[in-house]
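Inspection log for the structure reproduced underneath, given as structure tokens.
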Amino acid sequence: MASARNQSISFADIVETTDAATLEVQSKAEGPAGALPLTDEMLRHWPSGDLFGLSQNAGMGWSASEVDRDPFLILSTQGGLRAPDGTPIALGYHTGHWEIGLLVQEAAEELTLLGKAPFAGMVSDPCDGRTQGTPGMMDSLPYRNDAAIVFRRLIRSLPRRKGVLGIATCDKGLPAMLLALAGTGHLPGVLVPGGVTLPPREGEDAGKVQSIGARYSHGELTLMEAAELGCRACASPGGGCQFLGTAATAQVVAEALGLALPHSALSPSGQPIWRDMARRSAKALVALAARGTTTRDILTEASIRNAMTVHAAFGGSTNLLLHIPAIAFAAGLPRPTVEDWHAINVKVPRLVSVLPNGPHYHPTVRAFLAGGVPEVMLHLRALGLLDETAMTVTGEPLGRVLDWWQASERRTRLREQLVAMDGVDPEDVIMDRARAHQYGLTSTVTFPRGNLAPEGSVIKSTAIDPTVVDPDGVYRKTGPARVFTREHDAIAAIKGQGAHPLKAGDVLVLIGRGPMGAGMEEIYQITSALKHLSFGKEIAVLTDARFSGVSTGACIGHIGPEALAGGPIGRVRDGDLIRIVVDRIRLEGTVDLVGADGVEFDCLEGSRILAERSPHPNLSPDPDLPDDTRLWAALQAVGGGTWGGCVYDPDAIIAALQAGSSNRPNPALVEKTP
């Protein structure tokens with residue numbers, strides 16, 4: 001291998017073809033045998049595109065006599081190129097899309113058996129883990145809207161399609177697929193979650209392993225330990241990460257919306273139960289089309305509320321606060337507000353104990369074996385927290401699905417396997433309300449306000465380390481601000497590098513990383529380091545960026561307005577005294593400036609001082625911010641911004657453009673100076 005790496009490539013190697021047979025070129029071919037099954041009606045009334053499509057079907061090798069079968073479209077986020085034995089020919093960006101092609105194949109074969117013509121297209125997706133701490137993260141959230149647009153264009157570009165099967169797994173590809181299905185609500189649609197990867201028998205999960213650099217820098221890992229842990233973290237080749245991050249949470253939400261089959265979220269990638277899910281999903285899609293049931297019948301205000309309720313019960317990623325409103329908007333439904341989220345989280349207990357929230361750090365595959373989404377829904381139904389009339393892609397309402405699940409052999413056998421294989425009681429993974437309370441599980445998210453977050457902010461309050469929470473369930477911290485405008489400077493300070501390392505008691509304030517500054521990057525590099533460093537729980541984080549779904553700790557993000565939009569968070573200085581209060585029981589909180597230059601004061605005085613200050617002298621958009629992301633930031637701001645789901649609202653955008661253009665001369669009519 002080393003000699004191949006070092007082998008020089010000459011000009012002749014590039015331009016010359018050594019095999020003479022390669023230059024034997026054919027200029028004609030016989031074409032497919034047979035004849036298209038055309039009728040007088042088709043030739044007289046079909047658009048030329050529909051007729052030519054039949055020719056294309058035959059040209060690709062489909063039997064000429066069957067090219068007019070009803071077409072069903074399979075869209076996926078497949079990435080990389082696998083050999084038939086699974087070895088890589090070209091790597092994908094991540095395990096989450098590496099085995100997706102196998103689900104496409106299973107679904108396509110099932111559609112063929114059902115007498116349909118399967119079509120497949122793909123829009124691959126990035127890996128938020130791979131881009132942590134790099135300029136690539138600035139494309140992460142904007143990618144979602146772009147991919148959804150392309151998915152919808154692909155759907156519309158197969159004019160005779162009867163339904164769409166969307167197969168996706170990870171942080172942005174799966175939300176994008178949900179936006180695409182929601183945005184083509186006149187068609188039947190089924191979402192197939194791409195599943196999860198397995199944890200190593202010995203080692204660390206894919207969340208904790210992302211902190212090996214910080215832990216090594218502080219002497220908490222040796223070089224060999226870091227190398228071995230990093231190698232083993234993704235223990236199987238396919239599926240999303242093993243924790244309840246954005247990828248896993250999006251799978252859970254897809255099922256809770258009714259768009260995915262019951263007990264399909266979090267299935268272990270590559271295994272027979274995972275493949276079987278694709279075939280049954282194809283059957284469900286054909287059945288929906290036969291009944292005339294569309295995505296519009298499934299995505300309703302009731303299903304959105306159910307999804308928010310299940311999100312709270314799982315303790316899911318705060319990124320779904322961006323994605324669920326966007327799905328609602330794409331479906332033409334009212335977008336949930338901060339008040340809606342608060343109301344649901346006050347009512348709904350967290351019932352699931354998995355990575356990263358705990359208290360028992362089970363991987364997501366154990367949540368699947370313990371019963372997954374339908375098991376959680378059984379508990380929620382008993383509490384009267386679900387709308388059982390919501391329709392699902394099974395063709396039956398949610399209540400009927402849960403009745404089936406409660407008595408199903410599938411439920412019994414998988415829960416028994418969890419006990420037999422891992423020695424884990426399913427009731428310790430998915431709990432009833434009483435057991436959850438006994439173990440100290442609290443509701444999922446809190447939305448602190450205050451003079452530093454007048455439009456609000458978000459913290460996964462259930463995941464604050466309980467050892468820094470007071471006995472009354474309230475997290476209280478007052479500490480000096482350490483202000484950073486670049487993530488790489490913040491992580492260097494966490495690693496103990498530079499003249500002023502971060503220390504226990506500090507409040508890390510990272511600004512200028514919202515949509516306008518850095519595409520609202522995800523800063524898991526920071527939160528994971530603090531989670532897994534011995535002193536990290538004594539440091540809080542305030543930022544206008546967002547967090548990975550696997551983030552935990554006293555980390556407050558989505559602070560609005562963002563610093564570059566004039567938010568007061570952009571006026572904080574090093575040494576300012578910051579007070580944070582988060583009530584994990586009542587789900588209330590505040591984030592305030594309460595001191596400066598050695599003088600303490602109340603939050604009203606803090607508001608006055610912030611109003612009089614100029615922005616931080618180092619505050620500016622990141623120099624690496626791509627123009628594509630700058631455009632995304634401007635468009636989503638017009639569409640409602642982060643609290644509106646970072647969507648493109650065509651009506652609002654067009655109105656803003658027209659209002660602006662009416663005040664400007666038309667460049668085409670302005671006489672140029674010679």
Side-chain angles (χ1 to χ4, degrees), residues 74-80 82 86 91-107 120-131 140 143-144 147-148 151 164-181 189-199 205-207 233-257 259-261 263-271 273-278 281 314 316-317 319-320 323 327 354-355 363-365 367-368 372-373 522 548-550:
I74 306 169
L75 289 177
S76 77
T77 54
Q78 179 183 345
R82 302 169 70 259
L91 291 169
Y93 285 30
H94 53 92
T95 60
H97 62 207
W98 178 243
E99 291 184 326
I100 286 289
L102 300 176
L103 292 177
V104 174
Q105 181 175 342
E106 296 285 351
M122 66 188 71
V123 180
S124 193
D125 55 355
C127 175
D128 283 356
R130 188 178 291 272
T131 58
S140 170
Y143 160 89
R144 184 204 68 183
F151 279 133
V164 183
L165 197 71
I167 305 178
T169 301
C170 282
D171 293 27
K172 301 306 174 302
L174 180 45
M177 190 71 77
L178 288 169
L179 291 184
L181 295 178
V190 176
L191 191 286
V192 183
V196 298
T197 190
L198 299 183
D205 67 90
C234 299
S236 58
C241 293
Q242 309 107 330
F243 45 78
L244 194 70
T246 305
T249 307
Q251 294 185 40
V252 164
V253 162
E255 187 176 332
L257 285 167
L259 283 176
L261 289 185
H263 201 235
S264 57
L266 313 181
S267 179
S269 181
Q271 298 189 31
I273 197 168
W274 175 82
R275 290 173 177 263
D276 170 70
M277 171 185 62
S281 296
F314 265 84
S317 163
N319 279 318
L320 272 294
H323 301 318
I327 294 163
V354 295
L355 289 162
T364 43
V365 68
F368 176 78
V373 173
E522 182 182 284
S548 164
V550 70

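Residue indices begin at 1 and follow the sequence shown.
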Any [X] side-chain heavy atom under 4.5 Å of [Y] side chain:
X	Y	answer
S281	L261	yes
L198	P363	no
F151	V164	no

Closest contact, heavy atoms only, [X] versus [Y]:
X	Y	value
A107	L165	CB-CD2, 3.4 Å
T169	G194	OG1-CA, 2.9 Å
F243	D205	CD2-OD1, 3.6 Å
G96	C170	CA-SG, 3.6 Å
A206	Q242	N-OE1, 2.9 Å
E106	A278	CB-CB, 3.9 Å

*With respect to K172, which candidate in D128, T246, D125 satisfies the side chain to side chain donor-acceptor pair (under 3.5 Å) definition?*
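Answer after filtering D128, T246, D125: D128.
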
*Considering the options V196, V354, L355, which one meets the side-chain contact (heavy atoms from CB on, under 4.5 Å) requirement together with L244?*
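Answer to the side-chain contact (heavy atoms from CB on, under 4.5 Å) test with L244 among V196, V354, L355: V354.
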
Please answer whether the main-chain N or O of [Y] pairs with a side-chain N or O of [X] as donor and acceptor at a distance below 3.5 Å.
X	Y	answer
T77	S124	no
T249	S317	yes
E99	G239	no

*Could you go through the side chain to side chain contact (heavy atoms under 4.5 Å, CB included) check for V123 and L75 one step at a time?*
CA-CA 8 Å; V123 180; L75 289 177; over 6 Å; no

Using the test side chain to side chain contact (heavy atoms under 4.5 Å, CB included), find all partners of [X] that sit at least two apart in sequence or belong to another chain.
X	answer
W98	R82, P88, P237
P126	Y93, Y143
P193	L191, Q251, A260, S264, M277
A148	R152, A176, L179

*For H97, ring-ring contact (aromatic ring centres under 6.0 Å, His included) partners two or more places apart*: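 With neighbours one apart ignored, the set is H94.
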
*asked:* Once rounded to the nearest 0.5 Å, what's the spacing between atom CG of D171 and atom CD of E522?
replied: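 It comes to 6.0 Å.
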
_Quick check for you: to the nearest 0.5 Å, what is the distance between L178 atom CG and I327 atom CD1?_
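The CG atom of L178 sits 4.5 Å away from the CD1 atom of I327.
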
*Listed partners of S236 passing side-chain hydrogen bond (donor to acceptor under 3.5 Å, both in side chains), at least two apart*: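 S236 satisfies side-chain hydrogen bond (donor to acceptor under 3.5 Å, both in side chains) with T197 only.
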
